[in-house]
Amino acid sequence: MSEEKLPTRAENYSEWYNQVVLRAEMADYAPVRGCMVVRPYGWSLWENIQGSLDRRFKATGHTNAAFPLLIPMSFLQKEKEHVEGFSPELAVVTHGGGSELEEPLVVRPTSETIIGYMYSKWVKSYRDLPILINQWGNVVRWEMRTRLFLRTLEFYWQEGHTAHATAEEAEEETRKILDIYTKFAVDDGAVPVIQGRKSETEKFAGAVRSYAIEAMMGDTRALQSATSHNLGQNFAKAFDIRYLDPNNELQYAWTTSWGLSTRFVGAIIMTHGDDQGLILPPKLAPIQVVIIPIYKNDEEQSKVMETVERVKRELSAFRIHVDDRPGFTPGFKYNEWELRGIPLRIEIGPKDVEKGTVAFARRDRPGKAGKSFVQQTNLSGQVAEMLIDIHASLFSRALAFRNANIFEPRTYDELKEIVQGGWAFSWWCGNKDCEAKIKEDTKATTRCIPLEQPGGTGRCIVCGEPANEKAYIARSY
RNA sequence: CGGGGCGUGGCGCAGUCCGGCUAGCGCGCUUGCAUGGGGUGCAAGAGGUCGGAGGUUCAAAUCCUCUCGCCCCGACCA
């Protein structure tokens, strides 16, 4: 950790973000342009994200499998919109084993095609449906401009791919997953999100309908945090996924796909972080509680460490770390663990040993405001309560921030003003041209048409034509 | 791909315009002593073919030519 001061978010948000990621040791730049190394601390956070989602998927009947990294180029070309959407950003393997390949292989940018191919082999009867498979893996998209976690050439994610007998079932699945993502974001990440439908121009290449959860970052820009797509029969037709129904009639299946990526790590950082650095939500934090022993000689050390060891055992239900590195002052350690976002710090020094107390310092309230001295009795219960409270306060703070930065423009000029530093929520006729005009004028895009609508009708904020839905419009990552 | 910037110990930089001692500085690292309840102090060390190739010159981090790479801003996106 070289420089002592982090740039503040107000000074330079994107520099703040980069430095937090690097200095908290979440990730580092790899020797390949646009690629990152996820360091142990960042990966540990990702593993907790994985664990939570994986349990939720399995609880709803999904199972995991693994499909190849390399996909024949011709597969991508089978679905028209899909190939148009992805071909500009494909990494293509043309040589293998020293000779040129007969058919180039693409490094998967997403796996609808190769999974569709396999599903066509596996699905023969309505009894084979539904197929509910998820895959944890990595994909490559040759992005032009990259940011650690938010957009890298290679990223890690889960991609679920399901096939169903009816359109209704596929839609139900798509929405069920959207709910899972939402619950995960809110209950585990403390990240408030808005569920919505993507516009035609923003939807996934090859989907009939795309849904997403959108979150507001600390600079008010929007981040699409997960998506769930109803693919209709597009891929079933492209890959011939057909089954015989109970009436012995041949039918195309209906498929879905859905994903959440390491980008969510970026969402956590930018939703909760403050000028001291990261603030990790307690349920996902790799370390929930850090204990800092304080002493100045051997005698004090042995007394303090005795208490520290006892407290550590008592808190074994939590992810806990004792920072007993010699040669670092307590103050240095406080700052370092604050930068790294540990939700709760416990300080134990000679005075605490005497009085039978420990000091709590909650990360969501830096400085003296977050400090309290508590008795050493029932520490486990006190910590549990504190972590719940931190989660709740992180969520409500983020929600309040988001609500304070959403505005309803009355005119197009107002909209242009709003999206410079917030989200606009306004009537939109659904026309692509209006969307394009907004983007052209402001760089903001329609983030989603929220599932929760106010009802009634209005006039499109751009063209003034009748509109029956409202949309969120914002600049996004 | 268009525009801008930068490559000098692990990291951040100075030195380059105007060629010339042994290539400096801060942080980090190692060792020792002190310190230890909010970014500790002192001392001694280790560590560099100046992105690469070619050229000019008595002499190149510095000038010339070519080249490679990275970062930032736009078009594309989880």
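Residue numbering restarts at 1 for every chain, and letters A, B, ... go by the order of the sequence lines. Values in this document were obtained by computation on a predicted structure and should not be read as measured data.
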[atom1]-based separation of [M] from [N] [nearest Å]:
{"N": "B/rU40", "M": "B/rG2", "atom1": "P", "answer": "49 Å"}
{"N": "B/rC13", "M": "B/rU57", "atom1": "C1'", "answer": "30 Å"}
{"N": "B/rA60", "M": "B/rG47", "atom1": "P", "answer": "25 Å"}
{"N": "B/rA14", "M": "B/rC27", "atom1": "C1'", "answer": "15 Å"}
{"N": "B/rU30", "M": "B/rA46", "atom1": "C1'", "answer": "7 Å"}
{"N": "B/rU49", "M": "B/rC33", "atom1": "P", "answer": "33 Å"}
{"N": "B/rG39", "M": "B/rA75", "atom1": "P", "answer": "45 Å"}
{"N": "B/rC50", "M": "B/rG12", "atom1": "C1'", "answer": "16 Å"}

Who does [N] pair with, Watson-Crick or G-U, both distances under 3.5 Å?
{"N": "B/rG48", "value": "none"}
{"N": "B/rG74", "value": "B/rC1"}
{"N": "B/rU16", "value": "none"}
{"N": "B/rA23", "value": "none"}
{"N": "B/rA43", "value": "B/rU31"}
{"N": "B/rG36", "value": "none"}
{"N": "B/rG7", "value": "B/rC68"}
{"N": "B/rC63", "value": "B/rG55"}

Rounding to an integer number of Å, can you tell me how far [X] [atom1] sits from [N] [atom2]?
{"X": "A/Tyr295", "N": "B/rG37", "atom1": "OH", "atom2": "C1'", "answer": "14 Å"}
{"X": "A/Gln224", "N": "B/rC76", "atom1": "CD", "atom2": "P", "answer": "16 Å"}
{"X": "A/Glu25", "N": "B/rG28", "atom1": "CD", "atom2": "C1'", "answer": "13 Å"}
{"X": "A/Lys351", "N": "B/rG36", "atom1": "NZ", "atom2": "P", "answer": "12 Å"}
{"X": "A/Glu336", "N": "B/rG39", "atom1": "CD", "atom2": "C1'", "answer": "10 Å"}
{"X": "A/Ile49", "N": "B/rA78", "atom1": "CD1", "atom2": "P", "answer": "19 Å"}
{"X": "A/Asn12", "N": "B/rC71", "atom1": "CG", "atom2": "C1'", "answer": "14 Å"}
{"X": "A/Tyr334", "N": "B/rG38", "atom1": "OH", "atom2": "C1'", "answer": "7 Å"}

For [X], which contact category applies under a 4.0 Å heavy-atom criterion: base, sugar-phosphate, or nothing?
{"X": "A/Pro88", "result": "nothing"}
{"X": "A/Gly259", "result": "nothing"}
{"X": "A/Ile292", "result": "nothing"}
{"X": "A/Gly85", "result": "nothing"}

Salt-bridge criterion met for [X] and [Y] (N-O under 4.0 Å):
{"X": "A/Glu143", "Y": "A/Arg33", "answer": "no"}
{"X": "A/Arg209", "Y": "A/Glu171", "answer": "yes"}
{"X": "A/Asp441", "Y": "A/Lys437", "answer": "yes"}
{"X": "A/Glu336", "Y": "A/Arg325", "answer": "yes"}

Exercise. Is the ring centre of A/Phe155 under 5.5 Å from the base ring centre of B/rA78, and are the two planes under 30° apart, so that they stack?
Worked result: yes

Candidate nucleotides [options], ranked by approach to the side chain of [X] - the nearest:
{"X": "A/Pro330", "options": "B/rC76, B/rU40, B/rG37", "result": "B/rG37"}
{"X": "A/Glu338", "options": "B/rG38, B/rA78, B/rG37", "result": "B/rG38"}
{"X": "A/Asn335", "options": "B/rG38, B/rC76, B/rG37", "result": "B/rG38"}
{"X": "A/Arg345", "options": "B/rG39, B/rA78, B/rG38", "result": "B/rG38"}
{"X": "A/Phe332", "options": "B/rU40, B/rG37, B/rA78", "result": "B/rU40"}
{"X": "A/Lys296", "options": "B/rG37, B/rA78, B/rG36", "result": "B/rG36"}
{"X": "A/Glu347", "options": "B/rG37, B/rA75, B/rG39", "result": "B/rG37"}

Taking the six-membered ring for Trp, are [X] and [Y] ring centroids under 6.0 Å apart?
{"X": "A/Phe57", "Y": "A/Trp258", "result": "yes"}
{"X": "A/Tyr119", "Y": "A/Phe235", "result": "no"}
{"X": "A/Tyr41", "Y": "A/Trp43", "result": "no"}
{"X": "A/Tyr472", "Y": "A/Phe425", "result": "yes"}

Legend entry - Base of B/rG37 paired with side chain of A/Asp352 (donor-acceptor, under 3.5 Å): yes

Looking at A/Lys333 and B/rG37, is any side-chain donor or acceptor paired with a base atom of the opposite kind under 3.5 Å? no

With a cut-off of less than 4.0 Å, is there a side-chain N or O of [X] near OP1 or OP2 of [N]?
{"X": "A/Lys439", "N": "B/rC76", "answer": "yes"}
{"X": "A/Lys443", "N": "B/rG74", "answer": "yes"}
{"X": "A/Ser261", "N": "B/rA78", "answer": "no"}

5'-most contact on RNA chain B (nearest-nucleotide basis), A/Thr152 vs A/Pro326, goes to A/Pro326

RNA chain B nearest-nucleotide lookup for A/Ala359 and A/Arg151: closer to the 5′ end is A/Ala359

Please evaluate residues A/Ser111 and A/Glu159 with respect to the criterion side chain to side chain donor-acceptor pair (under 3.5 Å), reporting the C-alpha separation (whole Å), side-chain torsions for both, the decisive distance (0.1 Å), and the verdict. CA-CA 8 Å; A/Ser111 302; A/Glu159 47 178 328; 2.7 Å; yes

